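Keep in mind that this is a model prediction, so the values were computed, not measured. Residue numbering restarts at 1 for every chain, and letters A, B, ... go by the order of the sequence lines.
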Number of protein chains: 2
Amino acid sequence: MTVSRVTIRHVAEAAGVSRQTVSNALVHPERLKAPTLEKVQSVIAELGYRPSSAAQSLRSQRTGAVGFELLAIGSANRNEIIYPFTVALSEMAIGHNCHVVTFSAAGAQSPTEGYEDMIRAQVVDAFIIADTHKGDPRPAWLDKAGVPYAAFGRVWGRPDITSWADVDGAAGLRDATNHLFAVGYAQGGYLGWPFGSSIGDERRRGWIEATTASGRSLGPEAQAEQDLDAATDAAYDLIEQVGRGGAIACASDLLAMGVERAARRRGWVPGRDVGMTGIDDSSYAGMLKLTSVSQPVTTIADYLLGLVHKRLEGGPPPESGALFRPALVTRASSDPNT
Amino acid sequence: MTVSRVTIRHVAEAAGVSRQTVSNALVHPERLKAPTLEKVQSVIAELGYRPSSAAQSLRSQRTGAVGFELLAIGSANRNEIIYPFTVALSEMAIGHNCHVVTFSAAGAQSPTEGYEDMIRAQVVDAFIIADTHKGDPRPAWLDKAGVPYAAFGRVWGRPDITSWADVDGAAGLRDATNHLFAVGYAQGGYLGWPFGSSIGDERRRGWIEATTASGRSLGPEAQAEQDLDAATDAAYDLIEQVGRGGAIACASDLLAMGVERAARRRGWVPGRDVGMTGIDDSSYAGMLKLTSVSQPVTTIADYLLGLVHKRLEGGPPPESGALFRPALVTRASSDPNT
DNA sequence: TGAGCAAATCTGATCGTTCAAATACCGCGG
DNA sequence: CCGCGGTATTTGAACGATCAGATTTGCTCA
């Protein structure tokens, strides 16, 4: 039994009114007299009528869809965030009555080719972009084309672009560091990425701020690339410096995983002998019971969809980008009583 | 400068032909005389015309979109596969000239509510579904509604439904086991999930088949839940049984991770002292340099899109479901020369 | 030269919705 | 009882593409 294609005409006929009246019942209910409205609404419910989005799109020149590019390549680290974010976008889309079209322009000439296609074919009328980087051609192209968009992640090097939301990495590390002190670790070291990465430097700043705000002097710190062996090696010396009863805040879950491995290699129990925290609350943070900082992807998705929606309505861009505070997820790796 | 909304009329006018001729140039080029075709094509290219998908949808009653439900909940294990699969779908969609609409019916009354909405509003005209389970109401609902769909993963308990593709887990474990023997490990044990899970039992069968086919007797085996501590505990005894120079094939990357940890705890170097393989080629398999079996998500995505496309054209369902062979990814964890 | 025919191209109608403008309705004062 | 102002509802047109059927073009052959 095929789901009947109930059109506005069917409803109009069944309710004994005109098509326009049915349309008004949905879009401008205040234009109808109460009894008419009720009658139409009940027929709509009875027949299960839903306006055809294709017809609405044609009429309004709006598709009600936002595009989101999924890149095949990308570090595991990145994917750990992008997938939950994609889910969050899809969830929040309903509330903004739109839907999400994912696309991937593998094998495209230019990075904007996929975007151009989607716009030309009128498949979407706005985009959410992620993984913006310095010199990213996408914001400029979208601006020039007059296509609304909002970015998950700061648009580096373009202070004039304010349609973005990002995670406050400094706040995340402040929370993690404060937590380590609060549960009683004597000293708080830091394992970060090599200096010069904007995100890494921001996270490190959070660790410094929380430490000094607590009236302590900075604990030992070390740097490692986003690689498990490198992290483990760096951590091995670092935990010796903080000693038993100390803890290490890390710039990522992978680095925290390195600390966990280094601790085990030494025969120390993570949490009891040495504490550690990561960032991103990735799948392996859960597996290894690592305390981590969970990115507020749902809040961000909602905010970004709201942004593009406002831009589509012709509203102005926001005053500035938005930073959202991540949430600490405590697990055994930062519990001295483990 | 807004991307101009070039319509078929603009092209027609510029080329000095009628709308229909322009349409034919794209849909039925053989109907045009060579010079006309070339003229029209060059104008199309010049103006950057792309047919409006909204208008096409309205006319054809086809949206050219397939829906894919993203579930917020779900084990980390599952997400490790679903994300690459989502990317693969988005990539392959271009080749089937359709696009992918992700949705999520968080807080829906019934599991089919989101599907019903998408169909009623004519947002998509088919679905790809994942995570089918025994008693899943979705296939039945979709069949009844006459909506084409194809499943990633067998439709358990419904042998009459053949629109699915899955990974041949037995083949994956055969390949992994054969590889372990080929590189010289003396004995091949197995760490699997508790009996009774269809996927787990199938993988175990692959290990048994490869072992007996090689003329050896089965190595030791153990079971553990999909939990790192449980896996590590089970693995600790297991690697003692296979001893140095032995190897363990595992039913999942997480279990292999447990073996890796157990080996390290014993002071053994993964790969050199004891080999291990996982399944899924998840992010942490890469991080830990675990040999794993990579699911052919791209092939499966392409096949499934092809399936729904055929169904939309009115074609018959396939004779049977399709199993695709995964690909072994060798890393240090199965290299005795590490 | 013109009839006959096929191939190439064009016009009309349609998909389902919504805006704008036109019409029907209603109560009230003259 | 008519007309007036205002509200409630209806009709016409349009969004852009494509199918079906009409029309034109181009060619062959009597």
Side-chain angles (χ1 to χ4, degrees), chain A residues 2-41 43-44 47-65 97 119-125, chain B residues 2-41 43-44 47-65 97-98 118-125:
Chain A
T2 299
V3 171
S4 50
R5 293 241 169 282
V6 184
T7 76
I8 205 170
R9 290 193 128 86
H10 299 137
V11 178
E13 204 161 331
V17 296
S18 71
R19 343 183 277 293
Q20 185 60 36
T21 302
V22 179
S23 175
N24 285 336
L26 292 169
V27 190
H28 305 286
E30 76 284 359
R31 290 187 188 166
L32 301 193
K33 263 203 307 211
T36 322
L37 179 58
E38 279 163 36
K39 172 68 184 163
V40 174
Q41 282 173 337
V43 174
I44 286 175
L47 301 184
Y49 166 72
R50 289 282 314 263
S52 151
S53 72
Q56 288 182 316
S57 299
L58 180 57
R59 181 81 247 259
S60 65
Q61 303 290 50
R62 284 280 172 75
T63 66
N97 53 38
I119 286 295
R120 281 257 168 69
Q122 285 175 256
V123 174
V124 301
D125 31 44
Chain B
T2 299
V3 171
S4 50
R5 295 238 168 282
V6 184
T7 76
I8 204 168
R9 289 194 130 86
H10 299 137
V11 178
E13 205 161 331
V17 296
S18 71
R19 334 182 289 287
Q20 185 60 42
T21 303
V22 178
S23 174
N24 284 336
L26 292 169
V27 190
H28 305 286
E30 77 282 0
R31 291 187 186 165
L32 301 193
K33 261 201 313 208
T36 320
L37 179 58
E38 278 164 36
K39 172 69 183 163
V40 174
Q41 282 173 335
V43 174
I44 286 175
L47 300 183
Y49 166 73
R50 288 284 311 265
S52 151
S53 70
Q56 287 182 317
S57 300
L58 180 58
R59 180 81 248 258
S60 64
Q61 305 288 54
R62 285 280 171 75
T63 65
N97 53 39
C98 64
M118 300 289 275
I119 286 296
R120 280 259 168 70
Q122 286 175 259
V123 173
V124 302
D125 30 43

Value rounded to 0.5 Å, distance of [atom1] in [X] from [atom2] in [Y]:
X	Y	atom1	atom2	result
N97(A)	S53(A)	CG	OG	11.5 Å
S52(B)	R5(B)	OG	CZ	8.0 Å
T7(A)	Q122(B)	OG1	CD	9.5 Å

Looking only at side-chain N and O atoms, does H28(A) come under 4.0 Å of OP1 or OP2 in dT18(C)?
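Answer no for this pair, as no side-chain N or O of H28(A) is under 4.0 Å from OP1 or OP2.
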Identify the pairs formed between an N or O of the protein and an N or O of nucleotides 6-9 of chain C at a distance under 3.5 Å, and give each distance.
unit_1	atom_1	unit_2	atom_2	d
dT9(C)	OP1	T36(B)	OG1	2.3
dT9(C)	OP2	K33(B)	N	3.0

Tell whether R5(A) reaches the base of dG16(C) with its side chain through a donor-acceptor pair below 3.5 angstrom.
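For R5(A), whose side chain was compared with the base of dG16(C), there is no donor-acceptor pair (under 3.5 Å).
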Over how many whole Å does the gap from [X] atom [atom1] to [N] atom [atom2] extend?
X	N	atom1	atom2	value
R59(B)	dG12(C)	CZ	P	16 Å
R9(A)	dT17(C)	CZ	C1'	10 Å
Q20(A)	dT17(C)	CD	P	12 Å
L26(A)	dC19(C)	CG	C1'	16 Å

Would you check if the side chain of S23(B) reaches a backbone N or O of R19(B) as a donor-acceptor pair within less than 3.5 Å?
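Not confirmed, S23(B) side chain does not pair with R19(B) backbone.
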Between the main-chain N or O of D125(A) and the side-chain N or O of R62(A), is there a donor-acceptor pair closer than 3.5 Å?
no
Using the heavy-atom set of chain B and a strict 4.0 Å cut-off, write down the first and last nucleotide of DNA chain D that makes it in, 5' to 3'.
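The contact span of chain B on DNA chain D goes from dG16(D) to dA20(D).
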Quick one: does V17(A)'s side chain get under 4.5 Å of V43(A)'s, heavy atoms only?
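No, too far: nothing below the 4.5 Å cut-off.
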Any side-chain heavy atom of T63(B) sitting closer than 4.5 Å to one from V123(B)?
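A side-chain contact under 4.5 Å is absent here.
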Does Q61(B) CD have over 12 foreign heavy atoms under 6.0 Å away?
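For Q61(B), atom CD is crowded (more than 12 foreign heavy atoms under 6.0 Å).
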